[in-house]
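Throughout, a chain's letter reflects where its sequence line sits, starting with A, and its residues are numbered from 1.
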Number of protein chains: 2
Amino acid sequence: MLGKRRKREREQRRKTILRAARRLFFKQGYNPVTVSDIAKKAELSKGAIYLYFSSKEEICAQILLDDIERFHSEVLPIFEGGDSASEVLIGFANIYVDFFLKDRELFRILMNFMLHANSLNLSDDTNRRIILETNRAISVTENIFQYGIDKGEFLLKKEDVRAMRNSLWGMLNGIISLHLFIGRESTREKRIRSGVNKCLSIFIEGLKKSE
Amino acid sequence: MLGKRRKREREQRRKTILRAARRLFFKQGYNPVTVSDIAKKAELSKGAIYLYFSSKEEICAQILLDDIERFHSEVLPIFEGGDSASEVLIGFANIYVDFFLKDRELFRILMNFMLHANSLNLSDDTNRRIILETNRAISVTENIFQYGIDKGEFLLKKEDVRAMRNSLWGMLNGIISLHLFIGRESTREKRIRSGVNKCLSIFIEGLKKSE
DNA sequence: GAAGAATGTGACCTACGGTCATATTTTGAC
DNA sequence: GTCAAAATATGACCGTAGGTCACATTCTTC
């Protein structure tokens, strides 16, 4: 049985490893970083890493989950300002864009994980967190649409909310990803922001007019 | 110097390899398929594969490019029916969705390639084709918006076309990817189609109303 | 201070993308 | 038909990276 201090120190080590891995992943991307690199940066041997995490994927998944949880805590307050649904929608999108522009590699790594989600071998605890955060993500966009309906601002049928709840994520992800990998570095941030804003404003117009 | 028959036979072998690889990739995904698997399926040794392609990535890239070229040739006729811009837009989206629903793994592999596009080591010829097809993809969506403007159907400013040309790809990709990896298998196709259609109809309303 | 639990190490295992010396087949000039 | 050069094919081999394990060290507890 672990004592309290021991437990705390173990948790500390775990965080040290995550911090080291995070810096490496977000600088170089997932594949180029080796477990030995992470071990070296965390001042441990390779074997020790596997005392704290079951695989490289597991390390990356936990980093992403921490970030997503942080994102959701940032998003929570957007309903509290009494803003119009359109403003809430745009506010949400901007938090999302800011989030990825701060750590640009995060986006690529997250997408990569989503693409391979069903072939990853993660611990039960991590899988539980993934399901939880996925549901929170879905409910955020659903709530925004619902908020707009309740305010009488979006002329949307309730049954449509479900059909299009992914459209918002899709739109944002798509615009970010395409600008991120096609455009020139120098104009990237500006283009992503203007693309998202323009596209969203058109979408909102549609929501207000929707049959 | 290669004779004509020799050249034809070489091309034949190349295609045999591509066909074998295609079947494997689209059944199992990119990573699980090894070059030896491809060689075995094509009834060749591993070394022989490298007489025709410089890397595993190169093989996959050429398969994807062939598919994308095929997609563009399918898209070309959508402007010729004299349809309204809205109909063209919806027609385009449906071709896109059909394309991925036919070979579902294609989508995952393509996204994967896009995410790693800047760290792939491909031949000059392949890179040239990638640039060409990327430009064609961009111009397709731009042309649809422009068509709508010319017809007086979309109340869009010309300078906005550029800012939002990726939004359409983004919306479609996002909806497909999220439904593909989150939803239940049994309802997937239906959900993707209804999500795309609902979302697009709202977007089109916005385009018609756009300030 | 001794037994046992927890932590740490790095040589080692396996799998895979890619290379290369070598072998076989085809081609074309004579 | 002969033969050298070119093209094609093979599979043992290499380097690398994720993951394991026997062994060493440190800490806890009685």
Side-chain angles (χ1 to χ4, degrees), chain A residues 1-18 20-22 24-25 27-63 109 112-113 116 119-123 126, chain B residues 1-18 20-22 24-25 27-63 109 112-113 116 119-123 126:
Chain A
M1 193 43 202
L2 263 68
K4 249 188 181 166
R5 181 172 58 76
R6 194 82 171 224
K7 212 165 183 175
R8 201 172 57 230
E9 279 171 0
R10 187 180 171 78
E11 189 52 33
Q12 207 52 43
R13 266 264 188 286
R14 230 186 71 97
K15 279 186 183 154
T16 304
I17 295 169
L18 284 178
R22 196 177 193 285
L24 291 169
F25 282 144
K27 191 171 180 188
Q28 306 176 38
Y30 182 76
N31 285 323
V33 173
T34 71
V35 177
S36 302
D37 291 341
I38 297 171
K40 201 170 174 184
K41 190 113 183 172
E43 293 177 296
L44 282 170
S45 70
K46 190 164 137 180
I49 300 292
Y50 287 89
L51 292 174
Y52 297 90
F53 301 94
S54 63
S55 68
K56 185 185 171 188
E57 286 170 352
E58 181 81 23
I59 297 174
C60 191
Q62 303 227 3
I63 292 170
I109 294 174
N112 205 24
F113 252 73
H116 298 104
S119 62
L120 294 177
N121 233 329
L122 303 172
S123 71
T126 304
Chain B
M1 191 44 201
L2 264 67
K4 249 190 179 166
R5 181 174 59 75
R6 194 81 173 228
K7 211 165 181 174
R8 201 172 58 230
E9 280 171 359
R10 186 180 170 77
E11 189 53 31
Q12 207 52 45
R13 266 266 188 286
R14 232 186 69 98
K15 278 185 184 154
T16 304
I17 296 170
L18 284 178
R22 196 178 192 286
L24 291 170
F25 282 144
K27 191 172 182 186
Q28 305 176 38
Y30 182 76
N31 285 324
V33 173
T34 70
V35 176
S36 301
D37 291 340
I38 297 171
K40 201 170 175 184
K41 190 114 181 172
E43 294 177 295
L44 281 170
S45 68
K46 188 163 138 181
I49 300 293
Y50 288 89
L51 291 173
Y52 296 89
F53 300 93
S54 63
S55 68
K56 186 185 173 190
E57 287 170 352
E58 181 81 24
I59 296 174
C60 191
Q62 302 228 4
I63 293 171
I109 293 173
N112 205 25
F113 253 73
H116 299 104
S119 61
L120 295 177
N121 233 329
L122 304 171
S123 71
T126 303

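A search for side-chain contact (heavy atoms from CB on, under 4.5 Å) contacts involving A/Ala61 returns A/Phe113, A/Leu122, A/Thr126, not counting sequence neighbours. By the side-chain contact (heavy atoms from CB on, under 4.5 Å) test, B/Arg13 pairs with B/Leu44, B/Tyr52, sequence neighbours left out. Not counting sequence neighbours, the partners of A/Arg14 by the salt bridge (charged side-chain N to carboxylate O under 4.0 Å, His left out) test are A/Glu11.
Minimum atom distance to the side chain of A/Ser45 is reached by C/dG10, of the listed C/dG10, D/dT10, C/dT19. Closest to the side chain of A/Arg6, from the set C/dA6, D/dA7, D/dA9, is C/dA6.
A straight line from CZ of B/Arg10 to C1' of C/dT27 spans 15 Å, rounded to a whole angstrom. Distance, A/Arg13 CZ to D/dC27 C1': 13 Å, rounded to whole Å. Rounding to whole angstrom units, CD of residue B/Glu43 and P of D/dG11 are separated by 13 Å. Look at CG on A/Leu51: it is 17 Å from P on D/dT25, rounded to the nearest Å. For the pair B/Glu58 CD and C/dG17 P, the computed distance is 15 Å after rounding to whole Å. Rounded to an integer number of Å, the gap from NZ of A/Lys7 to P of D/dT28 is 15 Å. One can place NZ of A/Lys46 at 9 Å from P of D/dA17, the figure rounded to the nearest angstrom. If you take CD1 of B/Ile49 and P of C/dT19, they are 14 Å apart, rounded to a whole angstrom.
B/Ser55 places none of its side-chain heavy atoms less than 4.5 Å from the side chain of B/Asn121. Residues A/His116 and B/Asn31 have side chains in contact (heavy-atom distance under 4.5 Å, counting atoms from C-beta outward).
At distances below 3.5 Å, not a single donor-acceptor pair connects side-chain atoms of A/Lys41 with backbone N or O atoms of A/Ile17. A distance-only check finds a donor-acceptor pair linking the side chain of A/Lys56 to the backbone of A/Val33 [under 3.5 Å]. Remark: the backbone N or O of B/Thr34 is paired with a side-chain donor or acceptor of B/Asp37 at under 3.5 angstrom. Checking side-chain atoms of A/Glu58 against main-chain N and O of A/Ser123 turns up a donor-acceptor pair under 3.5 Å.
Between B/Arg5 and the phosphate of C/dT27, there is a side-chain N or O to OP1/OP2 separation shorter than 4.0 Å.
Within residues 28-41 of chain B, no residue approaches DNA chain D, by heavy-atom distance under 4.0 Å.
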Evaluation steps, side-chain contact (heavy atoms from CB on, under 4.5 Å), between B/Ile59 and B/Val35: CA-CA 10 Å; B/Ile59 296 174; B/Val35 176; 5.5 Å; no
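Within the model, atoms CD1 of A/Ile49 and NZ of A/Lys40 stand 13.5 Å from one another, a figure rounded to the nearest 0.5 Å. Atom OH of residue A/Tyr30 and atom SG of residue A/Cys60 lie 6.0 Å apart, to the nearest 0.5 angstrom.
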Under the 3.5 Å Watson-Crick or G-U criterion, the dot-bracket string of DNA chain C, with | for inter-strand pairs: ||||||||||||||||||||||||||||||
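Judged by distance alone, with hydrogens and angles left aside, B/Lys56 brings no side-chain donor or acceptor close enough to the base of C/dG18 to form a pair under 3.5 Å.
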Atom pairs, protein N/O to nucleotides 21-23 of chain D N/O, distance under 3.5 Å:
none

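Each of B/Glu9 and B/Ser54 lies near DNA chain C, and the nucleotide nearest B/Ser54 is the one positioned closer to the 5' end.
Within the nucleic acid shown, B/Tyr52 comes within 4.0 Å of sugar-phosphate atoms alone, with no base atom in reach, counting heavy atoms only.
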